[in-house]
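Everything on this sheet refers to the single structure shown next.
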Amino acid sequence: MDISVFVFLSSSFFLFYFVFSHATDNITGSQFLSDREATTLVSKDGGFALGFFSPGDSTNRYLGIWYNNIPIKTVVWVANRRNPITDSSGVLMVSSSGSLVLLNQNSTVVRLANSTKEAGNSMVQLLDSGNLVLREVHEENPENYLWQSFDYPSDTWLPGMKLGWDLRTGLERRLTAWKSSDDPSPGELSWGIELHNYPEFVMEKGSKMYFRTGPWNGLGFSGVPEVRANAVFNFSFFSNKDEVYFIFNIIQHSVISRSVLNQTQYERYIWDNGKWSLYLHFPRDECDTYNLCGVYGNCIISESPICQCIQGFKPKSANTWIPDEWSKGCVRSTQLSCQDKEKIGFVKFVGYKLPDTTYSWVNQSMNLEECRVKCLNNCSCMAYSNSDIKDGPDGGSGCVIWYGDLIDFKPTAANRQDIYIRMPASEQVKGKQKMKVTVIVVVAIASVFGVLWILYCLCKMTSLRDKMENNVMIDQNIEGQREDLEVPFFSLATIATATNNFSINNKLGEGGFGHVYKGTLTDGQEIAVKRLSQSSVQGLNEFKNEVTLIAKLQHRNLVRLLGYCIEGHETILIYEYMPNRSLDSFIFDQTRAGVLGWSMRFNIICGIARGLLYLHEDSRLRIIHRDLKASNILLDSNMIPKISDFGMAKIFGGDQTEGNTNRVAGTYGYMAPEYAIDGLYSVKSDVFSFGILLLEILSGKKNRGSFHPSHGQNLVGNAWKLWKEGKPLELIDTCLKDSCILLEIVRCLRISFLCLQQHPEDRPNMSSVVMMLHGESSLPEPKEPASFVGKKSSSSRKNQSSSTNEITVTLLEAR
Ligand SMILES: *[C@@H]1O[C@H](CO)[C@@H](O)[C@H](O)[C@H]1NC(C)=O
Ligand SMILES: *[C@@H]1O[C@H](CO)[C@@H](O)[C@H](O)[C@H]1NC(C)=O
Ligand SMILES: *[C@@H]1O[C@H](CO)[C@@H](O)[C@H](O)[C@H]1NC(C)=O
Ligand SMILES: *[C@@H]1O[C@H](CO)[C@@H](O)[C@H](O)[C@H]1NC(C)=O
Ligand SMILES: *[C@@H]1O[C@H](CO)[C@@H](O)[C@H](O)[C@H]1NC(C)=O
Ligand SMILES: *[C@@H]1O[C@H](CO)[C@@H](O)[C@H](O)[C@H]1NC(C)=O
Ligand SMILES: *[C@@H]1O[C@H](CO)[C@@H](O)[C@H](O)[C@H]1NC(C)=O
């Protein structure tokens, strides 16, 4: 029947229907997509296209989906992986019986979906997510698909795609590598979820296990702790009786990311500066190979041999660890006597990738003690652990226990999950000291490995694709009516009452734009009142425009505008009050610096980075702060940092990424060289300031006016010198020494140098910085940073005034 349909269609009579001249994202019953006519479907936002292609050197034709607006053709899905079409006769259509079929000249190549509803009423549509769906034209629920390509992944995992199982239908969504770059048919390697009691992600080679991530623990996977939600990606794992799947989403819509399984590994890329930059890959090293060291073996990549036995065990093979003998694993040094419970206990192994969960048992509502008792009472139970550490390693919940010998586990840096392994009582005393050493060794290894990995992949993380929506519409003619503004209006009388008539006792400080007072409204709410000095007041309408714009910026790490007041000559802004004042009052103050331990400082650093990322990459506006510094970071009662003082911020609309001014304003010591010298500013000049701020938070010293007594260098110069000499810890604020996590400090220092590069294009953008902070991304080796003093940028200053789609935001400062 399909043959006759095709013959019928290929007559010129029907050509009339399928030659659609404009780009469309859907075809209905009377249309089709044809290779010969080179027609494609393009998703509404233009991100993806569906059409016919030939991979690599092959001449075979395949129907596939690729990124539509990047120059490197990158296919993310193939409809007929196993059934290539050998000529250009391919046609995709909804057949008269309502099925979605791919035909060639003679017959059906693949029937993608059988009809379940009446014919003539279905539509195929390519969605913005890259999902190709078949649905009823008049279906009320737009997500009620008859069929979707996301249910049949090829080698690429797109944001929003579920990987895992639908237990109701038995459908498994699993990635399978291409056989080769010329042949998209399923290769050896696959990546999916293994349905154990405690499900985990696994990579298989053929039918053999190749790599495990370890099970989901509420935060991430114990074997790949660097994969965590951050300000660019969020992840979630769902498991109930109907479905078990993992899904990720991109929060920053300007980012194009690709997760793909190639013939050797799983990798994640980000489209950056006109190329795919590799961010992440598994397996990372030999130690990730499944069960390399056998039962109770401990794989430590820096050791020789890399396979060791965990404490309390010795090698099984007498041939001390010749490579092939590794997988024989380890045996107990002292036999376990099961019956005598007095002689049995558990040794805690801190920060481990959890063992293979094939023989595991889980109860999410048991606590650790109940878990221990359950394990102790069954002789074949060898270990237990919390199944969920969402609330931190000490707030863990749930119980998972392992029966039988433990395989494929190892210490993992940055992982915070612990496991308790059954041991004879005699082993438990020895345990304690040994563990500490192991953890330190592992941390060291991880840093060494990080460096190797970076050398391998010197990806330059500069600006990701700047995809922004169309120009911001700013109504330049808001008329005097205060009701027009979405921000609450406060009367001058209210503010005067709240601040005790602008009493000197309520004054918090003053800046270039006016005085700041603390106030208390009649309902008890505390506010910060910024009374703008009259000389700085610009046009009234401009002021209102800006109030409206800034009020729309809502982010946990930006100080919030509560209201405004315009009365007579007064222009006043009302902000939320920050009881802990600003960051500089802590880090540069000898007595208060001790309050901020490392983990608090690290949280502050990450918070500032997220706030700045929001300003830079928010999908509607691009805002350059231009005056990022410690005194502009306010701290709320929970020490959550809030960026304030948008007095100098520039708002860009459309695709503008760089501006130029002949009124350079900012703070000496934080300004990027190209801005200070040439007046050029961009997101990268903020990144520079962030780099300085980072160094200041780490060192507790001001960049400006911090000259090292012996060699007369400023903070940046001194930091670089210590870094080069391999003594980074000498830079760190002494009061941090007890609380610091070496790995994080070194990472932050490296990030700060990357942010401080002389050339803006060498600095990462904030989405990269956020990912680097969370250890998600590889870190390039920094070149010598611009220490700015005395260095001149080559281009000369242009005398050009602000361009038209840029608005100077003055006056909006809060303290
Ligand atoms: C299908 O495509 C046409 C032509 O591009 C478009 O006008 C229509 O809105 C699309 N239908 C849906 C449901 O998006
Ligand atoms: C179509 O059928 C003809 C005759 O059976 C055969 O020679 C030809 O190779 C077929 N073409 C394709 C693309 O399968
Ligand atoms: C469609 O139906 C045919 C015949 O019943 C079956 O062989 C095929 O597997 C079905 N295809 C899909 C995609 O469900
Ligand atoms: C992840 O982010 C997307 C986009 O912001 C959001 O729609 C989704 O609900 C988030 N998912 C989770 C689990 O937080
Ligand atoms: C898979 O990707 C990695 C990293 O990009 C590359 O080194 C490797 O050669 C690729 N494997 C194949 C078979 O293409
Ligand atoms: C899980 O543990 C809780 C609390 O101990 C218990 O009430 C429940 O019966 C257990 N569930 C299973 C399936 O064992
Ligand atoms: C211990 O657990 C195993 C595995 O679940 C089970 O087969 C066995 O019966 C249990 N033994 C006891 C004594 O409960």
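Just follow the structure's listing: the first ligand is 1, and inside any ligand the first atom is 1.
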**Request:** Could you list which atoms of ligand 1 come closer than 4.0 Å to a heavy atom of Q125?
**Result:** 12 (C), 14 (O)
**Asked** Can an N or O of T24 be found at a distance shorter than 3.5 Å from an N or O of ligand 1?
**Response** yes
One pair per line, please: each N/O atom of ligand 7 matched with every protein N/O atom under 3.5 Å away, atom names first, then the distance to 0.1 Å.
{"from": "ligand 7", "atom 1": "2 (O)", "to": "N378", "atom 2": "ND2", "distance (Å)": "2.2"}
{"from": "ligand 7", "atom 1": "11 (N)", "to": "N378", "atom 2": "ND2", "distance (Å)": "3.0"}

**Message:** For a quick check under 3.5 Å, do D356 and Y290 share a side-chain donor-acceptor pair by atom type?
**Reply:** yes
**Request:** Pull out every atom of ligand 6 sitting under 4.0 Å from any heavy atom of M366, numbered as shown with elements.
**Result:** 2 (O), 5 (O)
**Complete:** Those residues at least two apart in sequence (or on a different chain) that pass side-chain hydrogen bond (donor to acceptor under 3.5 Å, both in side chains) with T289 are none
**Fill in**
side-chain hydrogen bond (donor to acceptor under 3.5 Å, both in side chains) filter on Y296, not counting sequence neighbours, yields D405
**Complete:** Counting from 1 in the order shown, the ligand 1 atoms closer than 4.0 Å to a non-hydrogen atom of N26 are 1 (C), 2 (O), 3 (C), 8 (C), 10 (C), 11 (N), 12 (C), 14 (O)
**Prompt:** Quick one: are the ring centres of F235 and W216 less than 6.0 Å apart?
**Reply:** no
**Asked** Under a 4.0 Å N-O cut-off, is there an ion pair linking E194 with R212?
**Response** no
**Item:** Nearest non-hydrogen partners of S154 and V78, listed with the distance
**Value:** OG-N, 3.0 Å
**Request:** Describe, in one word, how the ring planes of F201 and W157 are oriented to each other, choosing from parallel (under 30°), tilted (30 to 60°) and perpendicular (over 60°).
**Result:** tilted
**Message:** Within the 4.0 Å heavy-atom shell around M123, which atoms of ligand 1 are there?
**Reply:** 13 (C)
**Request:** Classify the ring geometry between F246 and F221 as parallel (under 30°), tilted (30 to 60°) or perpendicular (over 60°).
**Result:** perpendicular
**Asked** In terms of atom number and element, which parts of ligand 6 are under 4.0 angstrom from non-hydrogen atoms of S365?
**Response** 1 (C), 2 (O), 3 (C)
**Request:** Could you list which atoms of ligand 6 come closer than 4.0 Å to a heavy atom of N363?
**Result:** 1 (C), 2 (O), 3 (C), 8 (C), 10 (C), 11 (N), 12 (C), 14 (O)
**Request:** Could you note down all residue pairs passing salt bridge (Lys or Arg N to Asp or Glu O under 4.0 Å) where residues 370-383 supplies at least one of them, sequence neighbours left out?
**Result:** E369-R372
